[in-house]
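Residue numbers begin at 1 in each chain, while the letters A, B, ... track the order of the sequences. Source: prediction; values computed, not measured.
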Number of protein chains: 2
Amino acid sequence: MFIKIDLQSEIPIYTQLQNRIIEGIVSGDLKAGEPLPSVRTMASDLGVNMHTVNKAYNFLKQDGFIQIHRQKGVVINPDGMPEVTSEYLGKFKQEIRPIIAEALCRGMKEEDFSTFCQEVFNNLQEKRG
Amino acid sequence: MFIKIDLQSEIPIYTQLQNRIIEGIVSGDLKAGEPLPSVRTMASDLGVNMHTVNKAYNFLKQDGFIQIHRQKGVVINPDGMPEVTSEYLGKFKQEIRPIIAEALCRGMKEEDFSTFCQEVFNNLQEKRG
DNA sequence: TAACTGTTATACATAATATATAACAGTTAT
DNA sequence: ATAACTGTTATATATTATGTATAACAGTTA
């Protein structure tokens, strides 16, 4: 686990941790069924409190990215990732709407938008084989 | 001004207001040089506190979307909108990265992503002539 | 038995968000 | 001049979100 958190960021630690784990799954660093460090170990590694990690884990569990077994531990969901549901799509559009609005406002063309997104796509999948 | 705020949303009111104004500029509802309601009037219209509006206005001023003249009032920046600076591009990628990461994780293809974004693009620009 | 799991509970500190009230220094209209 | 309006600043308060600290519980696992 090479997860790094920015303690000075305005983004909550538990949100950063959620994002890093999802990015780990996308990059292939974290594979289906692979165990994650316990809440106490992860907290110790990151230098944060146990409950902060627990909060991130529970959000990821709620969305289906990981499974938590009471006395076993935490694993990347071995049954596969959650899908593009209509509920998720609603959240997706709500989140991306203000980003696109500001981009348009600043004169970014849809073509440039696609190019910048493609850079992010490639960067996230960089480590895949 | 037909700005609506969701007081039950987890998104801060001042953030929602910023987004609605930027969307208004994109849609053409708000044109360059056009005045915005005073902080007190806007607050009264939305049913929120004056300082909440003032906070939103000042963020928009800081980014160059509006101008605030001490005893005149608030107007959409008549000199044009801020551009796609490298600083903004950094913020853009930081914001869109976790959104794309989750989309990839859920198996959304880059083609589908573009399609969904295009829907948002069209929706935002709907009212343009 | 000891060490480890996630979970739950309580308590505390700090920051962010939002409101409430008041005053100030400049317009602008009457 | 007076009144009504601007954005701005200051102070105070309440609520929520975030993060930490400590402890205990029930169930594995070595």
Side-chain angles (χ1 to χ4, degrees), chain A residues 1 3-21 30 33-78 91 95 98, chain B residues 1 3-21 30 33-78 91 95 98:
Chain A
M1 296 298 308
I3 289 181
K4 284 182 183 173
I5 297 296
D6 179 5
L7 297 176
Q8 310 307 321
S9 170
E10 82 282 0
I11 300 170
I13 298 172
Y14 69 88
T15 301
Q16 292 185 55
L17 182 53
Q18 284 179 262
N19 291 340
R20 291 302 91 72
I21 289 174
L30 300 172
E34 189 170 329
L36 283 176
S38 73
V39 287
R40 290 174 178 82
T41 302
M42 177 65 90
S44 175
D45 287 354
L46 299 178
V48 301
N49 190 273
M50 176 195 65
H51 296 100
T52 305
V53 175
N54 194 248
K55 192 171 181 178
Y57 278 7
N58 273 290
F59 277 123
L60 289 169
K61 171 192 172 190
Q62 194 175 338
D63 287 339
F65 294 103
I66 65 176
Q67 284 184 359
I68 302 179
H69 301 96
R70 173 102 195 193
Q71 276 84 19
K72 289 181 189 173
V74 182
V75 296
I76 306 297
N77 195 335
K91 192 193 75 167
E95 285 178 351
Chain B
M1 294 296 310
I3 289 181
K4 285 182 181 173
I5 297 296
D6 181 4
L7 298 176
Q8 310 307 320
S9 170
E10 81 283 359
I11 301 170
I13 298 172
Y14 70 89
T15 302
Q16 291 184 54
L17 181 53
Q18 283 180 263
N19 291 339
R20 290 303 89 75
I21 290 174
L30 300 172
E34 188 169 330
L36 283 176
S38 73
V39 288
R40 289 174 178 85
T41 302
M42 176 67 89
S44 175
D45 287 354
L46 298 178
V48 302
N49 191 272
M50 176 194 66
H51 295 100
T52 305
V53 176
N54 194 247
K55 192 170 179 178
Y57 279 6
N58 273 289
F59 277 123
L60 289 169
K61 172 192 173 189
Q62 194 175 338
D63 288 340
F65 294 102
I66 65 177
Q67 284 183 0
I68 302 180
H69 302 96
R70 174 100 195 192
Q71 276 83 19
K72 290 182 193 173
V74 182
V75 295
I76 307 296
N77 195 335
K91 191 193 76 167
E95 284 178 351

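Residues A/V39 and A/V74 fail the side-chain proximity criterion, which asks for heavy atoms closer than 4.5 Å. A/L7 places a side-chain heavy atom less than 4.5 Å from the side chain of A/V48.
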Inset, instruction - Give the dot-bracket string for DNA chain C, reading 5' to 3', where a pair is Watson-Crick or G-U wobble with both distances under 3.5 Å, ( ) marks pairs inside the strand, [ ] marks pairs crossing earlier ones, | marks a partner on another strand, and . marks unpaired. - result: ||||.|||||||||||||||||||.|||||
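Atom OG1 of residue A/T15 and atom CZ of residue A/R20 lie 10.0 Å apart, to the nearest 0.5 angstrom. Between atom OG1 of residue B/T41 and atom CG of residue B/D45 there is a gap of 6.5 Å, rounded to the nearest 0.5 Å.
The side chain to side chain donor-acceptor pair (under 3.5 Å) pairs that include a residue from residues 46-63 of chain A are A/N49-A/H51, A/N54-A/N58, where partners are two or more places apart or lie in different chains.
Under the side chain to side chain contact (heavy atoms under 4.5 Å, CB included) criterion, B/R40 pairs with B/S38, B/M50, not counting sequence neighbours. Remark: A/K72 engages no residue in a side-chain hydrogen bond (donor to acceptor under 3.5 Å, both in side chains) (not counting sequence neighbours). Residues meeting the side-chain hydrogen bond (donor to acceptor under 3.5 Å, both in side chains) test with A/N77, sequence neighbours left out: A/Q67. Partners of A/S9 by side chain to side chain contact (heavy atoms under 4.5 Å, CB included), not counting sequence neighbours, listed by chain and number: A/D6, A/I11, A/Q16.
Using a 4.0 Å cutoff on non-hydrogen atoms, the parts of residues 47-59 of chain A near DNA chain D are A/V48, A/N49, A/M50, A/H51, A/T52, A/K55, ordered by number. Applying a 4.0 Å cut-off to non-hydrogen atoms, the residues of residues 4-19 of chain A that approach DNA chain D are A/P12, A/I13, A/Y14, listed by residue number.
Contact detail for B/L60 and B/I21: the closest heavy-atom pair is CD1-CD1, 3.6 Å. In terms of heavy atoms, A/L46 sits closest to A/I3 at CD2-O, 3.4 Å.
From the 5' end on, the contacts that DNA chain C makes with chain B at under 4.0 Å to a non-hydrogen atom open and close at C/dT17 to C/dT27.
The only member of B/L30, B/L36, B/V75 that meets side chain to side chain contact (heavy atoms under 4.5 Å, CB included) when paired with B/I66 is B/L36.
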